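Report on the structure given below.
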Protein chains: 2
Amino acid sequence: MNGSIPNIVIGRLPIYLRELQRMAEEGRHITSSLELGERLGISAAQIRKDLSQFGEFGKQGTGYSIEFLMDNICKILKVDRVWDMVVVGAGDIGSAIARYQGFTNRGFRVGYIFDIDPKIIGTKVGEFIIQDFNSLVEILRKNHIKIGMIAVPGWAAQEVADRLVEGGVSAILNYAPINLNVPSNVRLQYIDPVIHLQRMTYYL
Amino acid sequence: MNGSIPNIVIGRLPIYLRELQRMAEEGRHITSSLELGERLGISAAQIRKDLSQFGEFGKQGTGYSIEFLMDNICKILKVDRVWDMVVVGAGDIGSAIARYQGFTNRGFRVGYIFDIDPKIIGTKVGEFIIQDFNSLVEILRKNHIKIGMIAVPGWAAQEVADRLVEGGVSAILNYAPINLNVPSNVRLQYIDPVIHLQRMTYYL
DNA sequence: TAGATTGTTAATCGATTAACAATC
DNA sequence: TAGATTGTTAATCGATTAACAATC
C-alpha cells in the first residue's frame with residue numbers, strides 16, 4: 001500500500017493503456033517492457049518501475065499478458081467502469097466532443113450537453129438534446145455526475161467551472177484557453193491546441 | 001547563448017504567455033514572479049529561473065513589464081509571426097479546428113483543410129474549401145507549410161503523418177488517439193481527451 | 001533612502017537509469 | 001536446463017526550491 005504515487009507516474013499509465021489496447025487490437029497477447037518502451041519511446045526500466053508501484057503484473061522470462069495488464073491498469077485508473085460526463089458549450093468544439101466516438105470502450109460517455117443560448121436549447125447535437133445551462137447544477141446532482149468538460153469561450157469558462165463544482169463535479173477537462181481556479185479537491189486538466197503548438201515552434 | 005534549455009522549461013513558456021496576455025487584456029502593465037506564480041499555481045522561483053534561461057526581462061524592486069515580457073516570450077517561442085497550418089480530416093474535430101477562432105493573435109492560422117472522402121471534397125467548412133488529401137504533399141510544398149494537425153480516425157493517422165512529413169512539415173499536432181512514428185527532426189504533440197480524463201479518474 | 005523584487009547560487013528534492021539477483 | 005525478462009536496489013541525473021546579494 002502506498003498513498004503517494006507520483007503524479008507523473010499516473011500520467012503515463014493512460015499512455016501505456018492506450019498502446020496495450022492497440023496491441024490487443026492487433027491480436028497480440030504478450031508483450032515486454034522492452035517492446036512497449038520501444039513503441040512509446042520510453043525506457044523499459046521506467047515502465048517496469050512505474051508498474052511496480054502498483055503490484056507485480058509480469059512474469060520473469062516471459063513478460064506481460066497484455067489482457068491482464070490492461071485489466072489491472074484499468075482498475076488502477078478506475079476506468080473499469082463507465083463515467084458519465086457533461087459537456088458545457090454546444091458550439092463547434094462542444095458539439096464535436098459530444099459526437100466523439102472515441103470515448104466508447106475507454107471508460108467514458110457523454111450524458112448531457114448544455115448551452116446558454118435560447119436559440120439552440122432544445123435542438124439536437126448528434127443524439128443529444130441541448131439542455132439549458134441554468135439546469136446544469138440540478139442535472140449534475142440528480143445524476144451524480146462527477147466529470148465535466150468546458151467548451152465555452154474563455155470569458156465564460158470560470159463561471160461554468162464554478163457551476164460544475166457547485167453541482168458536485170470533481171474532475172474538469174477545460175477546452176477554454178484560460179487558467180481556471182477550482183477548489184483543491186477538484187482535478188483539472190487543460191486542452192489548448194495553441195499551447196501545444198507553441199511548444200513546437202520553439203524548435204522550428 | 002545556450003543550446004540545451006530543458007524541454008520542460010519550453011513547455012511552461014506558453015502557459016506564462018497565455019496568462020500574461022490575459023493580464024494585458026485586463027489592462028495591467030506590470031506584474032511580478034510572485035503574482036504570476038500565484039495565478040498559475042507555480043512557484044515564483046521557478047518562473048524567475050525559467051525566464052533567466054533566456055535573458056533578464058525584469059527590474060529589481062519593480063517586477064516585469066507585461067508587454068515587454070510577452071514580446072520576449074513570443075520571440076523565444078517564434079510566435080512573433082503567423083504560422084500557416086493544415087488540418088487533415090474534415091470530420092467533426094477537423095471542422096471544429098478549422099473554424100476555431102482561438103488561433104488568431106496567438107501565432108497561428110489554418111490555411112487548408114483536407115479530406116479523402118470524394119463526397120465532401122470541394123464543399124465548404126467555414127470559409128475553407130475542403131481539399132483532396134491526394135494534393136496534400138503538393139500544397140504543403142508549394143506554400144512551405146511547416147505545421148500539420150491530424151484529425152482523422154486512428155487507423156488513418158500514421159499514413160497522414162507520413163504524408164505530412166513528405167510534404168516538409170516538421171511539427172504535428174495529433175488528435176487521433178494513437179502513437180505515431182515520425183523522424184526525429186519532426187516535433188510531435190498529442191491531444192487525446194481520454195488520456196486527460198484517465199489522469200483524473202485515478203483520483204476520484 | 002527604504003522597500004521590493006529580480007537573477008542566481010547552492011541545497012534539496014525527486015525522477016530516471018543501470019545493473020542484477022530472482023525466477024519463470 | 002538455458003535463455004529471457006521481471007521487480008528492485010543503488011547510483012545517477014535533472015529539476016525545484018530556498019536564500020540572498022544585487023539593484024531598481
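As the structure is a computational prediction, the values presented were derived from the model and not from experiment.
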Margin query: Between B/Tyr64 and A/Thr62, which residue's closest nucleotide on DNA chain C lies nearer the 5′ terminus?
Written below: B/Tyr64
Next item on the list: For DNA chain C, write out the stems as range with range, using runs of 3 or more consecutive Watson-Crick or G-U pairs with both distances under 3.5 Å.
Entry: C:3-24 with D:3-24
Notebook entry, point to check: Under 3.5 Å, is there a donor-acceptor pair linking the side chains of B/Glu19 and A/Asn179?
Noted result: yes
Check: Can you list, by residue number, the residues of residues 35-50 of chain A that have a non-hydrogen atom closer than 4.0 angstrom to DNA chain D?
Finding: A/Arg48, A/Lys49
Check: Closest nucleotide of DNA chain C for A/Arg12 versus for A/Gly61: which of these residues is on the 5' side?
Finding: A/Arg12
Checklist line | Side-chain ion pair, B/Glu159 and B/Arg163, N-O less than 4.0 Å | finding: yes
Check: Do B/Asn185 and A/Tyr203 have side-chain N/O donor and acceptor atoms under 3.5 Å apart?
Finding: no
Item checked: side-chain hydrogen bond (donor to acceptor under 3.5 Å, both in side chains), paired with A/Arg48, selected from A/Ser33, A/Ser43, A/Ser32 -> A/Ser33
Margin query: Could you check whether B/Gln158 and B/Asp162, counting side-chain N and O atoms only, form a donor-acceptor pair closer than 3.5 Å?
Written below: yes
Note to self: A quick test of your reading: do over 12 heavy atoms of other residues, nucleotides or ligands sit less than 6.0 Å from NZ of B/Lys59?
What the structure shows: no
Next item on the list: Go through the side-chain N and O atoms of B/Asp84 and B/Tyr112 and say whether any donor and acceptor fall under 3.5 Å apart.
Entry: no
Check: Cation-pi between A/Arg18 and B/Tyr190: NZ/CZ under 6.0 Å from ring centre and within 45° of the ring axis?
Finding: yes
Check: Side chains of A/Gln131 and A/Ser135: donor-acceptor distance under 3.5 Å anywhere?
Finding: no
Check: Any side-chain heavy atom of A/Ile147 within less than 4.5 Å of one from A/Arg109?
Finding: no
Check: Which is true for A/Leu34 with a 4.0 Å heavy-atom rule: it touches a base, it touches only sugar-phosphate, or it touches nothing?
Finding: nothing
Checklist line | Heavy-atom contact window of chain B on DNA chain C, given 5' to 3' at under 4.0 Å | finding: C/dA4 to C/dT9
